[in-house]
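Have a look at the structure below, then the notes.
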Amino acid sequence: MQKPGIPNGTRDFSPEKMIKRNFIFENIRKTFQKYGFLPLETPAMENLSVLTGKYGEEGDKLIFKILNSGDFLAKTTSDDFQKGSRLLTGKISEKALRYDLTVPFARYVVMNRNDLTFPFKRYQIQPVWRADRPQKGRYREFYQCDADIVGTDSLICEAELVLLINEVFEKLGLKDITIKINNRKILAGIAEVIGKKGSETELCVAIDKLDKIGQEGVKNELLEKGFNNDSWEKLLSIFYSKQSTESNEPNNLYRLSHLLLNFPNKLVNEGIKEIDQVFEYISLLTGNSKFKIQNLEFDPTLARGLSYYTGAIFEVKANNVSIGSISGGGRYDNLTGVFGLPDVSGVGISFGVDRIYDVLEELNLFPDKATSTTQALVCYFDVESEKYALPVLYKLRQEGINSEVFPEAAKMKKQLGYADSKKIPYVIIIGSEEVKSGELTLKNMLSGDQERLSLEKIIQKLKQ
RNA sequence: GUGGCCAUAGUUCAGCUGGUUAGAACAUCAGAUUGUGGUUCUGAGGGUCGUGGGUUCGAGUCCCAUUGGCCACCCCA
């Protein structure tokens, strides 16, 4: 006998969890559609060549490869084995599980470029896989919910995405969040200003850890990466001057632009202008001031790892919760370039469902409705009442009421216990007395109250 | 890929410097209650102590190996 188990970093989702997860999925899906995004699905597996080289050297290692079917050693020689596993994988694996939703989307856009109407807005909710070592809040199989707009560089898209993010979390009841926005051009410009042109990737990776390892840690990492003290001092004067920590009005965008007057730079100016424009669009899209802009914060230290972002960058953090980023995204100028279609600009965001789940759980924000789907359970005592009960069930369902029957004339204790463990709010009890009078017993499982009512009245009540 | 911690009932865990028949809570099932759950009381079932080897008169406990899990780093959602 073998012990049952699932691979490390994967999970079963119990019915209780699925009901809650669907609550999240449905709200995200609804909001995506409200903003004009169309659904898209791509296969779980892609050709390996589509995925490799898109996520950097580290990323390639984290792609789950699929062993060729049949005799997967057929195309290999003993020489290949000598050369090591890295070269060998290409010979024994031609397919791999998708690593994210963005690259398959780019592949789709290129393959269907002649059939798509641009700007093309799609959303995609599917699992992705990473051969990472799992840890808290990190899994080897997890869902992403992506929405992207490709084929335009209008900053209205950025503004709309910010509003979309805000609306999703509002619907989920998660009020205490911060939407951070930055622009890759600002970071690139800052790299130029401090004399490290082209090193913005290293700069970003280090700055991104500011929360985690602090100022000293970032300094050490940058010095290790070949930044000198002069660069660091300049960086400090940009990010940590007294002015920049004291001011918080409005969105400290203006103080940054003010500070950078000392270090004039074309890219920085562009970035600042873009963010400024995004703020203006948001204002217009919210009737000029209704949008609670406190949620939105310009953060010049926001970096995000992904190397393909070129313009705006977003990240959403839940405040006062141990879990970090729950959503993120940005603009990329040339995502489809590697597939032979240059100059297609796009901007997108991604929601991390698993982390949102953990946050909602931690803050106890799932509504009661998100714990059960059945509204009423029909119970009966014997064969006679069974004949009466089943047509009742039929009518309930005709009226659109989610209902089920306990399919045996078991002891009432057992039937009610069933309703209780499934958190079904109402039970309709049918026995000889009910059959005789035509008035059924409706029991509220939460309060324990029960009353005799006609089926019509019960239906009325359940429909409320 | 690197480092640390852990593995005992369905679950969470106790189990002393090695010493009789490995315990508890919760969960499950049955009964108290033959038309009423969630509370209470009573009882029952459930374990080759992750796996393999070693030390010992004797191993859940010590040693080695192996597998699995958790956590941190790298990176990321």
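As judged by a 4.0 angstrom heavy-atom cut-off over every strand, G328(A) is placed among residues making no nucleic acid contact. Residue contacts for S325(A): at a heavy-atom cut-off of 4.0 Å it reaches the sugar-phosphate backbone alone, with no base atom in range. At a threshold of 4.0 angstrom between heavy atoms, the contacts of S432(A) include nucleobase atoms, whether or not backbone atoms are also involved. Looking at heavy-atom distances under 4.0 Å, E58(A) makes no contact with the nucleic acid at all. Looking at heavy-atom distances under 4.0 Å, G137(A) makes contact with a base.
Side-chain atoms of D420(A) and base atoms of G38(B) include no donor and acceptor less than 3.5 Å apart. Below the 3.5 angstrom threshold, one finds a donor paired with an acceptor across the side chain of R138(A) and the base of C75(B). At a cut-off of 3.5 angstrom, the base of G35(B) holds at least one donor-acceptor pair with the side chain of E434(A). Within 3.5 Å, no donor on the side chain of Q415(A) pairs with an acceptor on the base of U36(B), nor the reverse.
No side-chain donor-acceptor contact under 3.5 Å links S432(A) and E384(A). One side chain, D148(A) or Y332(A), offers a donor N or O that lies under 3.5 Å from an acceptor on the other. Checked by atom type, the side-chain pair S345(A)/R331(A) shows a donor-acceptor distance below 3.5 Å. Side-chain contact annotation: D333(A) with T310(A), donor-acceptor N/O pair under 3.5 Å present. Side chains of S385(A) and E434(A): a donor-acceptor N/O pair is absent below 3.5 angstrom, by distance only. Using modelled atom types, one finds a donor on one side chain and an acceptor on the other under 3.5 Å when comparing E404(A) with T374(A).
Of the side-chain N and O atoms in N8(A), none sit less than 4.0 angstrom from OP1 or OP2 of U67(B).
Annotation: G69(B) and C74(B) have their P atoms spaced 23 Å apart (nearest Å). Of the P atoms belonging to U17(B) and G53(B), the separation is 28 Å, rounded to the nearest Å. Nucleotides C62(B) and C16(B), compared at atom C1', are 15 Å apart to the nearest Å. Straight-line distance between the P atoms of A32(B) and G37(B): roughly 12 Å, to the nearest whole Å. A14(B) and C26(B) have their C1' atoms separated by 14 Å, with the value rounded to a whole Å. Going from the C1' atom of G45(B) to that of C63(B) covers 37 Å, rounded to whole Å. Look at the C1' atom in both U39(B) and A72(B): the space between them is 44 Å, to the nearest Å. Here the separation of U33(B) from G38(B), taken at their P atoms, is 15 Å to the nearest Å.
Nearest to the side-chain atoms of Q144(A) among the listed nucleotides C71(B), A77(B), U36(B) stands A77(B). When each of G35(B), A72(B), A77(B) is scored by its nearest atom to the side-chain atoms of Y139(A), the top-ranked nucleotide is A77(B). When distances are taken from the side chain of K443(A) to each of C71(B), G37(B), C76(B), the shortest belongs to G37(B). Residue R355(A) has its side chain nearest to A77(B) when only C71(B), U36(B), A77(B) are considered.
Both Q135(A) and R140(A) lie near RNA chain B, and the one whose nearest nucleotide falls closer to the 5' end is Q135(A).
N220(A) places its CG atom 17 Å from the P atom of C73(B), with the value rounded to the nearest Å. Rounded to an integer number of Å, the gap from CG of D132(A) to C1' of U2(B) is 13 Å. I165(A) places its CD1 atom 14 Å from the C1' atom of A77(B), with the value rounded to the nearest Å. In this entry the distance linking CD of E451(A) with P of U36(B) reads 19 Å, nearest Å. Straight-line distance from the CD1 atom of I24(A) to the P atom of A77(B): 18 Å, rounded to whole Å. Remark: P of C74(B) and NZ of K61(A) are 15 Å apart, rounded to the nearest angstrom. Residue D60(A) contributes atom CG, which lies 20 Å from atom P of C74(B) at whole-angstrom precision. Put simply, CZ on R98(A) is 20 Å from P on C76(B), counting in whole angstrom units.
Judged by Watson-Crick or G-U wobble contacts below 3.5 Å, the nucleotide G3(B) has C71(B) as its partner. With a cut-off of 3.5 Å on both pairing distances, the Watson-Crick or G-U wobble partner of A30(B) is U42(B). Nucleotide U56(B) is matched to nothing when pairs are restricted to Watson-Crick or G-U wobble geometry with both distances under 3.5 angstrom.
F381(A) does not qualify as a stacking partner of the G35(B) base, lacking a centre-to-centre distance under 5.5 Å together with planes within 30°.
Each of Y143(A), F169(A), Y123(A) was evaluated against F351(A); a single residue qualifies, F169(A), per the ring-ring contact (aromatic ring centres under 6.0 Å, His included) test.
Using cut-offs of 30° and 60° for the angle between ring planes, the Y357(A) and F366(A) rings count as tilted.
Checked for salt-bridge contact, D354(A) and R21(A) meet the test: a charged N lies under 4.0 Å from a carboxylate O.
Around the NZ atom of K423(A), the shell of radius 6.0 Å holds no more than 12 heavy atoms that belong to other residues, nucleotides or ligands.
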So which protein nitrogen or oxygen atoms get under 3.5 Å of nucleotides 26-33 of chain B's nitrogens or oxygens?
unit_1, atom_1, unit_2, atom_2, d
G31(B), OP1, K411(A), NZ, 3.0

